Peer 1: 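Encoded as structure tokens, here's the structure I'll be asking about.
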Protein chains: 2
Amino acid sequence: MILEKIEKSPQTLRDIVQARMREAIFDGRFAPGERLVERPLCEQLGVSRTVVRETIRYLEAEGLVEIIPNRGPIVATLNRDQARQIYDIRRQLEGAAAAACAQKQGRDLGPKLSAALTTLQEKIHDTQWVDFLQATTHFYELIFQEAGHNIAWDIVQRLNGRISRLRTLTITDPTRERPGMSHMVAIHDAILSRDAQRAQLAVENHIADAAQIANRFLQEAEAGLDHG
Amino acid sequence: MILEKIEKSPQTLRDIVQARMREAIFDGRFAPGERLVERPLCEQLGVSRTVVRETIRYLEAEGLVEIIPNRGPIVATLNRDQARQIYDIRRQLEGAAAAACAQKQGRDLGPKLSAALTTLQEKIHDTQWVDFLQATTHFYELIFQEAGHNIAWDIVQRLNGRISRLRTLTITDPTRERPGMSHMVAIHDAILSRDAQRAQLAVENHIADAAQIANRFLQEAEAGLDHG
DNA sequence: TATGGTAATACGGTATACCATAAGATCATT
DNA sequence: AATGATCTTATGGTATACCGTATTACCATA
């Protein structure tokens, strides 16, 4: 065998619709708790019910939508306890990935990670927070890949989907001085100096910080709802 | 309010089909790599294609089936690396749950956990390994619940689905002396004595042990395939 | 017998129409 | 104002048809 298998991209309608809806949920065009009525969705997207329904099943399994019996799907909501749990799991998985990455890194990681960090620093004051989020994701993706923790990465990404609103909130918060950046630098340095323990700690600090801000947001939101 | 909410079982066809297929994959009636052809499935289950397809989307998101482009769904396969990763994640999540459970347990946990352990000891030599597996699941479920880690529990259960074959293999292995039991006792004792660190270690030992056996199995299987 | 071409088949991907039922909203009635 | 009847909306589920593509089986030919 000399030739490698030819890679066609048979992207199905499902894949597209899935991406679209995920996107819409991520940047809040579908608010949490909002109903996802099938037929209007079909019209908006210009696809049949079959496609929409299959997509909804998929997103349901991902935890992005919830099904109310005999009522249909709604965009999943998130309370403070769930958020806490999610950040806690992320802390574990990302910490472990960083540690593993620090240990087993190949010689081509250094440049790539540094480049990712640079992009991050460029995008930090960008008005397009989406870009910054994406850069953050890419930074962590590198770490997970190098660590060989791709299943954990899948899990983390899925969890991130469920807290996407929080992530944008914490990023776009004007009162925040974005201390995240210093953490990222710490993570980068620790990994490149092959210090597993320090890398893990840096990640855990980063997440703990984010979790705290998220918690504050949710607290305010819930308080606001009470006497709203 | 005096009367409690009446629990209708709005179990949809989808739910049933989902449970059936998951079951079938779990106990190997659908072998890994086997194709899941829609129309025959519809006939076997007596439902329409829509239901089957929606189910498949859900199981796809769970990682239980894979979709091959232009070919359709197959039962997901598992290689050694993936198994290693899954056991690694389980080690983290279950360890953390045990630690948290040891700390924040209420006074009604003791009896329940002890009862679960007893059931476990009864079922250990049962010819119906399914029962033993179920008892194990219940034991851990108690721990996660008490710890308040229900999202992590979802993740663990999903991961367990992907290694279900391995779990039955490790349990039904005649050469194994089921050292799992002693670990379970250690976990139980550590939690009841509120020793978080010891509980975590006990869990980690338990999983490490299982992972090792699973790894041996897969190694043999892969070697067997090579010159088979 | 090996090669190449072609037809048949199988199956996923997609669309549409239909029915039954549950939940919610509206409105009339007492 | 509580009750009850009715209408509307939308889901849950089914059946059916169509297209495109991949695989397979078959056949002809060199």
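In the text below, chain A, chain B and the rest are named by the order of the sequence lines, each starting its count at 1. These numbers were taken from a predicted model, which means no experiment stands behind them.
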Peer 1: Between atom CG of B:D131 and atom CD of B:E122, what is the distance when rounded to the nearest 0.5 Å?
Peer 2: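 B:D131 atom CG to B:E122 atom CD measures 11.0 Å (nearest 0.5 Å).
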Peer 1: Whole angstrom is fine here: how far is it from CD1 in A:I74 over to C1' in D:dT9?
Peer 2: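 Atom-to-atom, A:I74 to D:dT9, this comes out as 18 Å.
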Peer 1: So, B:Q145 and B:N150: side-chain donor and acceptor under 3.5 Å apart, yes or no?
Peer 2: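 Looking only at side-chain atoms, B:N150 and B:Q145 do not form any donor-acceptor pair under 3.5 Å.
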Peer 1: Would you please say whether a donor-acceptor pair under 3.5 Å links the side chains of B:R80 and B:N215?
Peer 2: yes
Peer 1: Please report the interatomic distance CD(B:Q157) to OG(B:S164), rounded to the nearest 0.5 Å.
Peer 2: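 The CD atom of B:Q157 sits 12.5 Å away from the OG atom of B:S164.
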Peer 1: When A:L93 is tested against each of A:D88, A:I151, A:I155 for side chain to side chain contact (heavy atoms under 4.5 Å, CB included), which residue passes?
Peer 2: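 Exactly one option meets the side chain to side chain contact (heavy atoms under 4.5 Å, CB included) with A:L93, and it is A:I155.
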Peer 1: Hey, can you tell me if B:H206 and B:Y140 have their rings parallel, tilted or perpendicular (30° and 60° cut-offs)?
Peer 2: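 Ring orientation of B:H206 relative to B:Y140: parallel.
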Peer 1: At under 4.0 Å between heavy atoms, which parts of nucleotides 12-18 of chain D does protein reach? Answer with one letter per nucleotide, 5' to 3': B base, S sugar-phosphate only, - none.
Peer 2: BBB--B-
Peer 1: How would you label the contact of A:L36 with the nucleic acid (heavy atoms, under 4.0 Å): base, sugar-phosphate, or nothing?
Peer 2: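 It contacts sugar-phosphate atoms only.
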Peer 1: Salt bridge check: are B:E146 and B:K112 linked by an N-O gap of less than 4.0 Å?
Peer 2: no
Peer 1: Do A:R167 side-chain atoms and A:F26 backbone N/O form a donor-acceptor pair below 3.5 Å?
Peer 2: no
Peer 1: Using five pairs at each end of the helix from C:dT1-D:dA30 to C:dT30-D:dA1 to define an axis, what is the angle between those two axes, to 10°?
Peer 2: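 The helix from C:dT1-D:dA30 to C:dT30-D:dA1 shows an end-to-end axis angle of 10°.
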